[in-house]
Structures are given as C-alpha cells and as structure tokens.
Amino acid sequence: MDETVLDGNAIGGLLIEVFGTEMTTAVGTCGSCGATSQVAELAVYMPGLGTVVRCRSCEAVLMVFVRIRDVTCVDLMGLASLS
Ligand SMILES: [Zn+2]
C-alpha cells in the first residue's frame with residue numbers, strides 16, 4: 001500500500017475527464033466538518049483500486065473515483081457542496 005498523500009492537483013486530469021471542466025480551483029465543502037477548501041488543496045490518496053479524496057481537517061472521505069472497465073465511477077457523498 002502506498003500511503004503517500006498527494007493533493008488535488010494530482011487528479012486534475014481525472015477531474016477534467018469526469019466533470020468535463022477544470023475542477024482543481026472549485027471549492028468543496030466537507031459534509032462532515034463543514035471545512036471549505038479548493039479541490040487542489042484536498043488530500044488525495046491513490047491506494048491502487050481507485051482514488052480517494054479526504055478532508056484535511058477531519059479526514060472524512062469527500063470523493064471516491066473508481067475505474068471499472070474504462071468507466072470512472074464517482075462518489076461525491078462526502079461533499080456538502082462543490083462549486
Ligand atoms: Zn472535514
């Protein structure tokens with residue numbers, strides 16, 4: 001397991017692929033602690049099976065990206081908002 005913590009810039013290309021637009025400058029609000037942060041500043045983990053984005057304040061999982069047969073599935077349930 002690679003526990004290296006990256007930041008949102010590491011998934012800039014993935015985000016463009018998923019959302020169709022530049023998202024690293026978007027501001028996300030943590031659904032758990034309410035902290036707001038630019039996507040570029042969030043903690044990103046890539047354990048191999050997918051990509052996990054966590055809040056730097058409370059460690060809550062904000063976004064999960066999993067690639068299955070060339071389709072990237074996105075789970076944004078940890079985010080209160082993303083704009
Ligand atoms: Zn949080």
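Heavy atoms only: backbone and side chains are in, while hydrogens, waters and symmetry mates are out. Counting starts at 1 for both ligands and their atoms, in listed order.
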CG on L42 to CG on L6, rounded to 0.5 Å: 12.5 Å

Rounded distance (nearest 0.5 Å) linking atom CE of M63 with atom CG of L15: 6.0 Å

Cut-off under 2.8 Å, centre the Zn ion (ligand 1), protein N/O/S atoms: C30 SG, C33 SG, C55 SG, C58 SG

Side chain R54, main chain A43, donor-acceptor under 3.5 Å: no

Candidate pair S32 and C55, rule side-chain contact (heavy atoms from CB on, under 4.5 Å), full reasoning: CA-CA 9 Å; S32 182; C55 174; over 6 Å; no

Verdict with reasoning, L49 to V66, per side-chain contact (heavy atoms from CB on, under 4.5 Å): CA-CA 7 Å; L49 294 174; V66 181; 5.9 Å; no

Trace of the side-chain contact (heavy atoms from CB on, under 4.5 Å) decision for C30 with S57: CA-CA 9 Å; C30 175; S57 297; over 6 Å; no

